[in-house]
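Here is the structure we will look at.
Every chain is numbered from 1, with letters handed out A, B, ... down the list of sequences. It should be emphasised that the depicted structure is a prediction, and the values quoted were computed from it without experimental measurement.
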Amino acid sequence: MAFGKGNHLHLIDGSAFIFRAYHALPPLTRKSDGLPVGAVAGFCNLLWGELTHARKEAPTHIAVIFDAGSKTFRNEIYPAYKANRPELPEDLRPQFAFTRAATRAFNVPCIEVEGYEADDIIATLSRRATEAGGTVTIISSDKDLMQLVGDGVDMLDPMKNKRIGLDEVFEKFGVAPNRVVDVQSLAGDSVDNVPGAPGIGLKTAALLIQEYGDLDTLLARAGEIKQPKRREALVENAEQIRISRRLVQLEANMPLEVALDTLELKDPEPEVVMGFLNEMEFRTLTKRVAERLKIEAPTLEEAKGMHVQGAHEAAPVAVQLPFDHGAYECIRDMAALERWIARIDAVGHVAVDTETTSLDEMRAELVGISLCVDAGKAAYIPLGHKQGGGDLFGSTALVESQIELEAALAALKPVLEDPSVLKIGQNMKYDWKIFARHGVRISPFDDTMLMSYAMHAGLNGHGMDALSEQYLGHPPIPIKSLLGSGKSQITFDRVAIDDAVKYAAEDADVTLRLWELFKPQLHRAQVTTVYETLERPLVPVLAEMEMAGIEVDKAVLSRMSNAFAQKLAQYEDEIQEIAGEKFNVGSPKQLGEVLFDRMGVPGGEKGKTGAYATGADILEDITTLEDSQPKAARLAAKVLDWRQISKLKSTYTDALQEAINPETGRVHTSYSIAGANTGRLASTDPNLQNIPVRTEEGRRIREAFVAPKGKVLVSLDYSQIELRILAHVADIPALQQAFRDGIDIHAMTASEMFNVPLDQMTSDIRRKAKAINFGVIYGISGFGLARNLRIPRAEAQGFIDRYFERFPGIKEYMAETVKFAQANGFVQTLFGRKIHTPEINAKGPGAGFAKRAAINAPIQGTAADVIRRAMIRMPAAIADLPARMLLQVHDELLFEVEAGAEPALIAAAKATMEGANLPAVDLKVPLTVEAGTGRNWAEAH
DNA sequence: GCTCTCACG
DNA sequence: GACGTACGTGAGAGCA
């Protein structure tokens, strides 16, 4: 059938896929011979994703388009075109041929034409397809293709899974797609070496085209332009601009002997695609494709016809079985449970997962346990399922034929605590706590979430659904499908047991399969030590801290809430009085309209949603307008006060009261180990790492965090740990010496930079130096420092230049770190933790973010590693003391200790913290810890 | 569910 | 000279 109406053609920009794959992945090589295959692997994954992605408009036709070589007809027009492209990485070039082979192996047509760019082919095919009455989606984010959008053609950014239509093109270029070429011709392109008009950027080009309609008109009337610079740029470079147009205009009429109907979407031939994937030795993808095609994956050995070396290799390589929910067992009696326990003992490992009534482990009730020993064979033990249905009062009757909870736990306890049986979990801290509340302490264990985190921090999330989808190609049953959502949501104990079996057993099955996949990868990624010393041992430590919780005095919070409520009401009256109208003070949108539209404050800036920005810094600027805008200045000041109190009330004094556990009378946070990419912990439900401290009023909230009677709180915090680490990694002798001498580091920096002797230091100079010291840790920029210090940008840049002059090692460190990230796709802490930086080689503003993050990550991450090591050693260090560790706030540990024992605790904990880097890493600066004690957190800190 | 704002290190 | 800018988090409120 001929291509025509109703047909939808996907054109994949193959070259972009290759580069994206190359930069996003670590440099993988084929195991048998070391051939670099990282980009091929990534390419195959992306292509497979495109072929299987469940999108609304599935294509009927598809092709992957490549560049044939570097020379095209454009080089004859302009020899310098694309001449400043960096050399291809050595390990990428040999992979090109394989990406073509991969495309064909997936049974997708693969098109390239000598002398033309992939973009021209895409333009030509798009034109033919739309002329034939069909529609086209171009899978690419390349701005050079945006000129093709419209009239049945759109684009899809595969990275962000975002459609690029008329609106997005307009957003990018400021003109409609049919004028994009005009804008590009004027603005030029430094990446492709398109000259354009000197001094004209995208913004100006868009303005000019908007005003004159199109490029020819603009060039003809260039003499009328008012701004002399622009006028000259256009008049004097008219020819260069016309050449630029020929470079950026895609050739939609090139000779191309491809009939559209030959691009029809076809299933891959199983033998062909399996043969290719096996040859490449892509195990995971082989399994995923096999599962999808409903065939058995051949083993690596069979496919390669390799010599079988021994009995172990002769066994099939973990053939990915399809997920079969019907095959899961429901364990209803002790005899069945005993059979499972015997099997676990024999194998030596088991994946375990618990089902409960709540995500809050301290309130959750155990409903069931799932187990998996072999992939595909999993079981669920229902223990606490209750009768569902129409009982208005919530029936508490247990469903029949469930093993009694205590009996099941008693039977499982020996296995779960058996040192020779490895328990495998996904986010084991959760299950660990559930079991601990029933007197079972799981040990030893592995955690697939933490394995993923150790290997891939910065690349993807580490939740089970994401991991299963990504690595097993299998989306697990969504919990929502069992529990519903919103008001009608039920708890797991009301789920029908038949449904629960499928869901719960699948979780254990997925976890086991992930573990089988990750275990060997951990070693290859060289993060086994990180996983075994920084991630896994933290689980029981954090679990104990979370279960301990911290006592919070509800009465104190309640009193504060009431006082705040009164203040807020008063502020609201005053604010509306000044404004002369009633409005919602808590609505930034309404506030912006009041200030900038009705009161006429100049300089309001609207964000992308069209609302005025009204952040604290902007309101503070308005408060200084006492002369020109006295009313607005008063209003802004009041709103700032209102905001502060409102924040304290809603986020802290109100929410914390709710967070007090009625059974323990304490607040139990939850730490996510794999939340922050740098290795930091994150505290949630509630977040106890952002309790106010910077303002006097806020700090009083800490008075509600108290020690029980007869005990006191002790806070120990690392002094300037990130700056010390910077001094070490960037190797700055002057800073190292200052830390060894124990002098004020910010004052010392100021003295060096501004040539002021230490004894004549002013607080203002010191403040500036402090801002610069922190700025360096964050990947400083003149703009950022200027904004932070509220000084002119040139002055800020001057400070930075002087800083780099005095401490040249810092600049070198920053450059080297960025270079390392660009070459490797990740950066590392002193303890070997890897933080991936997939955006580091992107073009556009994303790269700027990625660079600063890359500079910061080793510093922040090393500090995080240090305190993790201290925490892991802490239970042993204070085992003999009547004390326990309660909270961690990045560089601070908070303890509860019996009154009188605080000197002993401080001595032990301080020594543990100050020596936490040893023996793994010897620092050229000392780590020092400061201690405080008190009845509440405000006093102790 | 997204955006804005703001609390912490 | 264009671009957009400090790093890392979590939570509550408004709004569509």
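By the 30° and 60° cut-offs, the orientation of the rings of A/Y453 relative to A/H462 is perpendicular. By the 30° and 60° cut-offs, the orientation of the rings of A/H746 relative to A/F774 is tilted.
Relative to the side chain of A/Q860, the nucleotides B/dA7, C/dC15, C/dC7 differ in distance, and C/dC7 lies closest. Picking from B/dG9, C/dA6, B/dT5 the nucleotide with the shortest atom distance to the side chain of A/H941 gives B/dG9. When distances are taken from the side chain of A/N687 to each of C/dC15, B/dC8, C/dA11, the shortest belongs to C/dA11. Each of B/dC6, C/dC15, B/dT5 was ranked by its minimum atom distance to the side chain of A/N584; first place goes to C/dC15. Out of B/dG9, B/dT5, C/dG10, the shortest distance to the side chain of A/N690 is found at C/dG10. When distances are taken from the side chain of A/R702 to each of B/dC8, B/dT5, B/dC6, the shortest belongs to B/dC8. Closest to the side chain of A/K203, out of C/dA2, B/dG9, C/dC15, is C/dA2. Comparing C/dA6, C/dG8, B/dA7 by their nearest atom to the side chain of A/F783 picks out C/dA6. Each of C/dT5, B/dT5, C/dC7 was ranked by its minimum atom distance to the side chain of A/R787; first place goes to C/dT5.
Among the heavy atoms of the strands lying under 4.0 Å from A/I691 are primed sugar atoms or P, OP1, OP2 only; no base atom is included. At a threshold of 4.0 angstrom between heavy atoms, the contacts of A/F849 are confined to the sugar-phosphate backbone, with no base atom among them. At a threshold of 4.0 angstrom between heavy atoms, the contacts of A/A771 include nucleobase atoms, whether or not backbone atoms are also involved. Counting non-hydrogen atoms under 4.0 angstrom, A/A611 reaches nothing in the nucleic acid. Among the protein residues, A/V776 comes within range of no part of the nucleic acid, since none of its heavy atoms lies under 4.0 Å from any strand. Within the 4.0 angstrom heavy-atom criterion, only backbone atoms of the sugar-phosphate kind lie near A/D891; the bases stay farther away. Among the atoms of the strands shown, none is found under 4.0 Å from any heavy atom of A/I777. Contacts of A/G586 with the nucleic acid, taken as non-hydrogen atoms under 4.0 Å apart, involve only primed sugar atoms and P, OP1 or OP2. Among the atoms of the strands shown, none is found under 4.0 Å from any heavy atom of A/S646.
Distance A/R699 CZ to B/dC6 P: 20 Å, rounded to the nearest Å. When the P atom of C/dC15 is taken as reference, atom CG of A/L591 falls 11 Å away, rounded to whole Å. Whole-Å rounding puts the A/D189 CG to C/dC3 P distance at 14 Å. In this structure, CG of A/L595 is placed 12 Å from P of B/dT5, rounded to the nearest angstrom. The CG-P distance, from A/L893 to B/dC8, rounds to 19 Å in whole Å. In this structure, CD of A/Q644 is placed 18 Å from P of C/dG12, rounded to the nearest angstrom. Between A/R643 atom CZ and C/dG12 atom P the separation is 18 Å, expressed in whole Å. The CZ atom of A/R793 sits 10 Å away from the C1' atom of C/dC3 (whole-angstrom rounding).
Comparing A/D685 and A/P588, the nucleotide of DNA chain C nearest to each residue sits closer to the 5' end for A/D685. Mapping A/G782 and A/R680 onto DNA chain C via the closest heavy atom, the residue that lands nearer the 5' end is A/G782.
Only the P atoms considered, C/dA6 is 15 Å distant from B/dC6, to the nearest whole Å. Of the P atoms belonging to B/dT5 and C/dC3, the separation is 23 Å, rounded to the nearest Å. Going from the C1' atom of C/dA2 to that of B/dA7 covers 36 Å, rounded to whole Å.
Checked by distance alone, A/R694 brings a side-chain donor or acceptor within 3.5 Å of a matching partner on the base of B/dG9.
The backbone N or O of A/H890 lies less than 3.5 Å from no partner atom in the side chain of A/R680, so there is not a single donor-acceptor pair. With hydrogens and angles disregarded, a donor-acceptor distance shorter than 3.5 Å links the side chain of A/T669 to the backbone of A/T684.
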I'd like to know whether A/V556 forms a side chain to side chain contact (heavy atoms under 4.5 Å, CB included) with A/R700, so could you lay out the CA-CA distance, the side-chain angles of the two residues, the decisive distance to 0.1 Å, and finally the verdict.
CA-CA 10 Å; A/V556 170; A/R700 296 206 47 213; over 6 Å; no

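Defined by atom type and a distance below 3.5 Å, a donor-acceptor pair is present between the side-chain atoms of A/D144 and A/Q184.
Both distances falling under 3.5 Å, in either a Watson-Crick or a G-U wobble arrangement, occur for no nucleotide opposite C/dC3.
Taking the charged nitrogens against the carboxylate oxygens, A/K819 and A/E816 have no contact shorter than 4.0 Å, which rules out a salt bridge.
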